[in-house]
Amino acid sequence: EYRAAKVIETLAVTLFLEHIIKRHLETTDYTLEQIAEICNISSLPHLISLFKSLEGTTPHQYRLQVKKQIKSGKNAFKIIVKNESFCYTK
(Lines give C-alpha, C1' and ligand atoms only; values in the text may rest on other atoms or scores of the structure.)
Protein backbone atom coordinates (compact mmCIF):
# COMPACT_ATOMS: atom_id res chain seq x y z
CA GLU A 1 0.00 0.00 0.00
CA TYR A 2 2.76 2.46 0.92
CA ARG A 3 4.59 1.85 -2.36
CA ALA A 4 1.43 2.32 -4.43
CA ALA A 5 0.65 5.54 -2.56
CA LYS A 6 4.20 6.80 -3.18
CA VAL A 7 3.92 6.03 -6.90
CA ILE A 8 0.61 7.90 -7.10
CA GLU A 9 2.06 10.85 -5.17
CA THR A 10 5.09 11.00 -7.47
CA LEU A 11 2.87 10.86 -10.55
CA ALA A 12 0.63 13.62 -9.20
CA VAL A 13 3.61 15.89 -8.49
CA THR A 14 5.07 15.19 -11.93
CA LEU A 15 1.79 15.98 -13.70
CA PHE A 16 1.36 19.14 -11.63
CA LEU A 17 4.88 20.27 -12.57
CA GLU A 18 4.14 19.55 -16.23
CA HIS A 19 1.00 21.67 -15.96
CA ILE A 20 2.86 24.58 -14.33
CA ILE A 21 5.73 24.43 -16.82
CA LYS A 22 3.33 24.39 -19.78
CA ARG A 23 1.35 27.35 -18.44
CA HIS A 24 4.52 29.42 -17.98
CA LEU A 25 5.71 28.51 -21.46
CA GLU A 26 2.32 29.49 -22.90
CA THR A 27 1.70 32.70 -20.98
CA THR A 28 5.04 34.26 -20.02
CA ASP A 29 8.40 35.11 -21.49
CA TYR A 30 10.18 33.63 -18.47
CA THR A 31 13.44 31.90 -19.26
CA LEU A 32 13.69 28.18 -18.66
CA GLU A 33 15.98 28.96 -15.73
CA GLN A 34 13.25 31.11 -14.17
CA ILE A 35 10.64 28.41 -14.73
CA ALA A 36 12.93 25.79 -13.17
CA GLU A 37 13.37 28.03 -10.13
CA ILE A 38 9.60 28.62 -9.81
CA CYS A 39 9.01 24.86 -9.98
CA ASN A 40 11.85 24.18 -7.55
CA ILE A 41 13.67 22.06 -10.12
CA SER A 42 17.36 22.04 -9.30
CA SER A 43 18.81 22.10 -12.80
CA LEU A 44 17.89 23.18 -16.30
CA PRO A 45 18.85 19.82 -17.84
CA HIS A 46 16.46 18.11 -15.39
CA LEU A 47 13.59 20.43 -16.37
CA ILE A 48 14.22 19.82 -20.08
CA SER A 49 14.50 16.06 -19.58
CA LEU A 50 11.33 15.89 -17.47
CA PHE A 51 9.34 17.99 -19.92
CA LYS A 52 10.57 16.07 -22.96
CA SER A 53 9.75 12.72 -21.35
CA LEU A 54 6.18 13.91 -20.67
CA GLU A 55 5.48 15.96 -23.80
CA GLY A 56 7.75 14.38 -26.41
CA THR A 57 9.25 17.77 -27.23
CA THR A 58 11.57 20.26 -25.57
CA PRO A 59 10.21 23.26 -23.67
CA HIS A 60 11.64 25.58 -26.34
CA GLN A 61 9.94 23.67 -29.17
CA TYR A 62 6.68 23.61 -27.19
CA ARG A 63 6.79 27.39 -26.68
CA LEU A 64 7.43 27.94 -30.39
CA GLN A 65 4.49 25.67 -31.29
CA VAL A 66 2.15 27.57 -28.97
CA LYS A 67 3.23 30.95 -30.35
CA LYS A 68 2.76 29.66 -33.90
CA GLN A 69 -0.75 28.40 -33.04
CA ILE A 70 -1.70 31.70 -31.45
CA LYS A 71 -0.35 33.65 -34.42
CA SER A 72 -2.33 31.52 -36.86
CA GLY A 73 -5.46 31.68 -34.68
CA LYS A 74 -5.58 27.91 -34.12
CA ASN A 75 -6.65 26.93 -30.61
CA ALA A 76 -5.95 30.46 -29.40
CA PHE A 77 -9.24 30.73 -27.50
CA LYS A 78 -8.76 27.35 -25.87
CA ILE A 79 -5.23 28.25 -24.76
CA ILE A 80 -6.27 31.64 -23.41
CA VAL A 81 -9.19 30.16 -21.48
CA LYS A 82 -6.97 27.48 -19.98
CA ASN A 83 -4.31 30.00 -19.02
CA GLU A 84 -6.77 32.31 -17.35
CA SER A 85 -8.02 29.40 -15.28
CA PHE A 86 -4.72 27.80 -14.36
CA CYS A 87 -1.92 30.31 -14.66
CA TYR A 88 0.41 30.19 -11.67
CA THR A 89 2.81 32.98 -10.79
CA LYS A 90 5.42 33.18 -8.10
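Basis for what follows: all heavy atoms, side chains included, without hydrogens, waters or symmetry-related copies.
Rounding to the nearest 0.5 Å gives a distance of 9.5 Å between CD1 of I38 and CD1 of I20. Summarising the geometry, atom CG belonging to L54 is positioned 9.0 Å from atom CG belonging to L17; distances are rounded to the nearest 0.5 Å. With values rounded to the nearest 0.5 angstrom, Q65 atom CD is found 10.5 Å from E26 atom CD. The line from CZ of F51 to CD1 of I41 is 10.5 Å long, rounded to the nearest 0.5 Å. From Q34, atom CD reaches atom SG of C39 across 12.0 Å, with rounding to the nearest 0.5 Å. To the nearest 0.5 Å, atoms CD1 (I21) and CG (L47) are separated by 4.5 Å.
In this structure K67 satisfies the side-chain contact (heavy atoms from CB on, under 4.5 Å) test together with D29, R63, sequence neighbours excluded. A search for side-chain contact (heavy atoms from CB on, under 4.5 Å) contacts involving S43 returns P45, H46, not counting sequence neighbours. Take T14 and apply the side chain to side chain donor-acceptor pair (under 3.5 Å) test, not counting sequence neighbours, and it matches no residue. Legend: residues meeting side-chain contact (heavy atoms from CB on, under 4.5 Å) with E33, ordered by chain and number and at least two apart, are T31, L44. With sequence neighbours left out, L64 forms a side-chain contact (heavy atoms from CB on, under 4.5 Å) with H60. Scanning for side chain to side chain donor-acceptor pair (under 3.5 Å) contacts around S49 gives an empty result, with sequence neighbours left out.
Residues in residues 38-57 take part in these salt bridge (Lys or Arg N to Asp or Glu O under 4.0 Å) pairs, two or more places apart or across chains: K22-E55.
Of all heavy-atom pairs spanning H24 and T28, the tightest one is O-OG1, 2.6 Å.
Within the 4.5 Å cutoff, the side chain of L25 has no heavy atoms near those of the V66 side chain.
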